[in-house]
Student: 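Okay, handing you the structure first.
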Amino acid sequence: MAAQEAQVPTFRSDVRLVNVFTGVDSEQTGKPVADLSKNNFEVLEDGVPQKIAIFERETVLPLSIVLAIDTSMSTRTNLKLELLSAKKFADETVRPGTDKLALYTISTGVDEVLPFTGDLKAIDRKIAEIKNGEATALFDALYLGGEALKKQPGRRVLVLITDGGDTASQTSYQDALRSALEAEAIVYSIIVVPIESNAGRNTGGEHALIQASEDTGGRYFYAKNIAQIEKAFAQIAAELRTQYRLGYYPQKKYADSDSRHIEVKLVGVAGRLTAHFRTVYFTH
């Protein structure tokens, strides 16, 4: 009997549901597309097609949002208007009793101004109290935002409004991105570029934000004035209301690597559409 029991193969029990929150927009209009069906999506993991077990449109899962605002000296000119746009975004996105938002400022360090709350009055009040800082610890904000979101339910979202520079971080970009990916956070970056020809622009920081946004299924926006900042916030809010939830159980056993690569393809759709989705998840 003991010999028979020893021969029974063992299987890993860590196959879990993988959620891929996907935004789809029209290349012609730039607006979200909210009327697709399950048959319009194909999900692949490491190139292997997966069976979509859960499909939801305009998901009702609660939102947990970290809103991180760059207060460094380089943002001084536009900060007041940026804060007004951020307040409008919070008011239009956070559903009291369902969603929660935490507010962070990015300067020489990253400070939590307000922990996660659904109290819009408290959010508005704390946004209004934000003052200018000095340097920019951008990658620290990406890392700490991811760490905070790991503990939150539902869809996890990190919105960064910044000039894209990083001058004070203690965290590497690789560690910061890993934190966001492990949190399954969707990163949206609003990169404020008031002077397009500024020779001192930190394009390395900009490119890092762009990569983080694309890898996590978010979007990035360049904004040269307050109208474009408001438009970017409005597009983020619209996408969060029109996302698709594609859930699947991996159809192949895990490889030695702890990372898996995801691809979402659109099939049988009319017009030129683009899907935004996280491209990596970790198995541990």
Side-chain angles (χ1 to χ4, degrees), residues 19-38 40-41 55-69 78 81-103 118 120 123-124 127 145 149 152-162 180 184-193 209-210 212-246 264 266 269-279:
N19 285 312
V20 186
F21 296 105
T22 304
V24 180
D25 56 64
S26 166
E27 292 184 17
Q28 284 86 0
T29 66
K31 295 181 178 180
V33 177
D35 59 353
L36 300 182
S37 69
K38 179 179 177 180
N40 293 130
F41 294 90
F55 176 80
E56 294 177 346
R57 284 194 299 265
E58 298 185 34
T59 178
V60 296
L61 285 175
L63 286 168
S64 296
I65 303 171
V66 168
L67 176 57
I69 300 174
N78 291 321
L81 295 176
E82 289 173 11
L83 295 179
L84 290 173
S85 298
K87 176 181 176 298
K88 184 177 180 181
F89 166 76
D91 291 346
E92 293 180 352
T93 306
V94 176
R95 297 165 294 182
T98 302
D99 305 324
K100 292 185 178 181
L101 182 146
L103 184 62
L120 286 174
I123 293 170
D124 291 350
I127 289 176
L149 286 165
Q152 299 302 310
R155 289 180 290 160
R156 301 163 187 157
V157 179
L158 173 56
V159 180
L160 296 144
I161 178 167
T162 174
E184 301 180 5
I186 306 168
V187 177
Y188 292 94
S189 303
I190 302 176
I191 304 169
V192 181
V193 187
L209 282 179
I210 290 169
S213 298
E214 292 180 341
D215 285 349
T216 61
R219 303 275 303 280
Y220 69 91
F221 306 88
Y222 278 105
K224 300 176 185 176
N225 52 52
I226 191 60
Q228 292 180 353
I229 293 172
E230 288 186 347
K231 182 179 179 182
F233 270 124
Q235 286 183 264
I236 295 170
E239 182 166 301
L240 292 176
R241 289 193 293 266
T242 54
Q243 282 181 323
Y244 300 86
R245 179 190 180 195
L246 311 176
V264 175
L266 299 175
V269 297
R272 297 169 58 187
L273 308 182
T274 301
H276 306 277
F277 52 91
R278 63 173 169 138
T279 59

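Below, all heavy atoms of this structure are taken into account, side chains as well, without hydrogens, waters or symmetry copies. Since the model is a prediction, treat every value here as computed from it, not as a measurement.
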Student: Any side-chain heavy atom of Glu214 sitting closer than 4.5 Å to one from Thr279?
Tutor: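 Side chain of Glu214 against side chain of Thr279, heavy atoms only: no contact under 4.5 Å found.
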Student: Do Ile186 and Arg156 have side chains that get closer than 4.5 Å, going by heavy atoms?
Tutor: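 Ile186 vs Arg156: side chains apart.
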Student: Hey, can you pull the donor-acceptor pairs under 3.5 Å for the side chains in residues 226-233, sequence neighbours left out?
Tutor:
| unit_1 | atom_1 | unit_2 | atom_2 | d |
| --- | --- | --- | --- | --- |
| Gln228 | OE1 | Lys224 | N | 2.7 |

Student: Answer whether the closest heavy-atom distance between the side chains of Leu266 and Val24 falls below 4.5 Å.
Tutor: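 The answer is yes, as the side chains (C-beta and beyond) meet within the 4.5 Å cut-off.
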Student: Could I get the full list of salt bridge (Lys or Arg N to Asp or Glu O under 4.0 Å) partners for Arg241, not counting sequence neighbours?
Tutor: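 For Arg241, no residue satisfies salt bridge (Lys or Arg N to Asp or Glu O under 4.0 Å) once neighbours in sequence are set aside.
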Student: Can you list the residues that meet the side chain to side chain contact (heavy atoms under 4.5 Å, CB included) rule with Pro96, with sequence neighbours excluded?
Tutor: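 Counting only residues at least two positions away or on another chain, Pro96 forms a side chain to side chain contact (heavy atoms under 4.5 Å, CB included) with Leu120.
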Student: With a sphere of 6.0 Å drawn around OH of Tyr220, does it hold more than 12 non-hydrogen atoms of other residues, nucleotides or ligands?
Tutor: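 Open: at most 12 neighbouring heavy atoms sit under 6.0 Å from OH of Tyr220.
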Student: Mind checking what makes salt bridge (Lys or Arg N to Asp or Glu O under 4.0 Å) contact with Arg219, not counting sequence neighbours?
Tutor: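 Asp25, Glu239.
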Student: Should Leu246 and Asn19 count as side-chain neighbours, where that means a heavy-atom distance under 4.5 Å?
Tutor: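 No, side chains not in contact.
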Student: Quick one: does Thr274's side chain get under 4.5 Å of His276's, heavy atoms only?
Tutor: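 In short, these two side chains touch, coming nearer than 4.5 Å.
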Student: Identify, with sequence neighbours excluded, every residue that meets side chain to side chain contact (heavy atoms under 4.5 Å, CB included) alongside Ile236.
Tutor: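 By the side chain to side chain contact (heavy atoms under 4.5 Å, CB included) rule, Ile236 matches Phe89, Val159, Tyr188, Ile190, Phe221, Leu240.
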Student: Leu36 versus Val33: any side-chain heavy-atom pair under 4.5 Å?
Tutor: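 Yes. Closest side-chain heavy atoms under 4.5 Å.
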Student: Side chains of Gln243 and Arg155: donor-acceptor distance under 3.5 Å anywhere?
Tutor: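 Gln243 vs Arg155: donor-acceptor pair found between side chains.
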Student: Using a 4.5 Å cut-off on heavy atoms from C-beta on, say whether the side chain of Tyr244 contacts that of Phe55.
Tutor: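 Yes, at least one pair of side-chain atoms sits under 4.5 Å.
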Student: Donor-acceptor check, side chain of Asp99 to backbone of Arg95, threshold 3.5 angstrom: yes or no?
Tutor: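 Yes: the side chain of Asp99 pairs with the backbone of Arg95.
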Student: State, yes or no, whether a side-chain contact exists between Leu83 and Ile69 at a heavy-atom distance under 4.5 Å.
Tutor: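 Yes. Closest side-chain heavy atoms under 4.5 Å.
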Student: Sub-3.5 Å donor-acceptor pair from the side chain of Thr216 to the main-chain atoms of Val187, do we have one?
Tutor: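 Yes; judged by distance alone, with no hydrogens or angles, the pair exists.
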Student: With sequence neighbours left out, what residues match Asp215 under salt bridge (Lys or Arg N to Asp or Glu O under 4.0 Å)?
Tutor: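 For Asp215 there are no salt bridge (Lys or Arg N to Asp or Glu O under 4.0 Å) partners, ignoring immediate neighbours.
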